[in-house]
Trainee: 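I'd like to ask some things about the structure below.
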Amino acid sequence: MQRFEAGSRPTRTAPAEWFTGTVTQDPIVEAEAPARLRAASVTFQPGARTNWHTHPLGQTLYVVSGKGRAQTWGGPMIELGVGDTIWIPPGEKHWHGAAPDEAMTHIAMHEALDGSHIDWLEPVTDKQYAG
Ligand code: MN
């Protein structure tokens with residue numbers, strides 16, 4: 001058993017090549033294989049969002065603060081509020097992020113397949129983000 005005391009692991013700034021706006025990540029689960037689960041608390045400042053992407057084994061998002069948005073490719077924009085849970089099936093192209101006027105924090109949980117838990121695609125344009 002290993003304890004990670006609150007605040008003992010540094011907050012990371014999410015890479016600009018995969019995100020629009022200011023996004024920070026706090027690790028929760030980063031266990032070595034054969035463990036597959038990855039989990040992180042991710043905070044998006046207003047207007048910030050992921051690129052389009054997919055997860056080989058799907059992803060669950062649980063919103064813990066603020067207001068957000070998420071969308072599947074070709075689908076409607078979904079508004080996210082505190083306590084909402086989103087399930088994204090394996091291989092489904094999507095994005096998630098904050099509302100334009102409010103930050104959002106979610107817990108992101110996903111399993112790795114052959115060491116990969118996410119496949120990054122193109123940015124979400126301002127027009128796409130506006131709906
Ligand atoms: Mn995702």
Side-chain angles (χ1 to χ4, degrees):
M1 184 183 293
Q2 193 174 3
R3 178 171 71 138
F4 300 100
E5 237 179 310
S8 65
R9 290 180 288 182
T11 298
R12 302 172 190 149
T13 299
E17 59 182 321
W18 298 330
F19 293 85
T20 297
T22 301
V23 181
T24 52
Q25 299 169 313
D26 290 286
I28 298 172
V29 181
E30 289 190 338
E32 301 279 317
R36 285 191 292 262
L37 178 64
R38 280 251 188 156
S41 175
V42 186
T43 298
F44 300 79
Q45 294 306 310
R49 66 268 187 180
T50 66
N51 277 18
W52 292 99
H53 62 280
T54 62
H55 304 280
L57 294 179
Q59 180 180 52
T60 298
L61 304 175
Y62 178 72
V63 179
V64 293
S65 73
K67 286 194 329 192
R69 293 179 167 187
Q71 188 177 24
T72 290
W73 183 261
M77 184 90 71
I78 295 173
E79 307 281 344
L80 305 178
V82 172
D84 287 350
T85 299
I86 298 285
W87 161 246
I88 298 133
E92 184 172 290
K93 182 174 176 178
H94 70 285
W95 63 269
H96 30 106
D101 56 350
E102 190 169 335
M104 187 270 289
T105 298
H106 65 41
I107 308 299
M109 296 158 272
H110 36 262
E111 291 179 291
L113 179 65
D114 299 327
S116 168
H117 53 86
I118 187 161
D119 293 300
W120 288 109
L121 301 165
E122 71 276 15
V124 174
T125 66
D126 289 344
K127 191 176 171 187
Q128 289 170 329
Y129 178 72

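One is the number of the first residue; the rest follow in order along the sequence. Remember, it's a predicted structure, so these values are computed and weren't measured experimentally. Excluded from the calculations below are hydrogen atoms, water molecules and symmetry mates; all remaining heavy atoms, backbone and side chain alike, are included. Ligands are counted one by one from 1 in listed order, and the atoms in each one are counted from 1 as well.
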Trainee: At the Mn ion (ligand 1), what angle lies between atom OE1 of Q59 and atom NE2 of H96, rounded to 10 degrees?
Mentor: 90°

Trainee: To check you understand the geometry: which heavy-atom pair defines the closest contact between P56 and L113, and what is its length?
Mentor: CB-CB, 3.9 Å

Trainee: Name the residue from E122, H53, Q71 that meets the side chain to side chain donor-acceptor pair (under 3.5 Å) definition with W95.
Mentor: Q71

Trainee: I'd like to know: is the Mn ion (ligand 1) within the 2.8 Å range of an N/O/S atom from H55, strictly under that distance?
Mentor: yes

Trainee: Specify whether an N/O/S atom of T54 falls short of 2.8 Å from the Mn ion (ligand 1).
Mentor: no

Trainee: Side chains of W52 and Q128: is there a donor and an acceptor less than 3.5 Å apart?
Mentor: yes

Trainee: Taking the side chain from T50 and the backbone from H96, do they hold a donor-acceptor pair closer than 3.5 Å?
Mentor: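 It does hold such a pair.
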
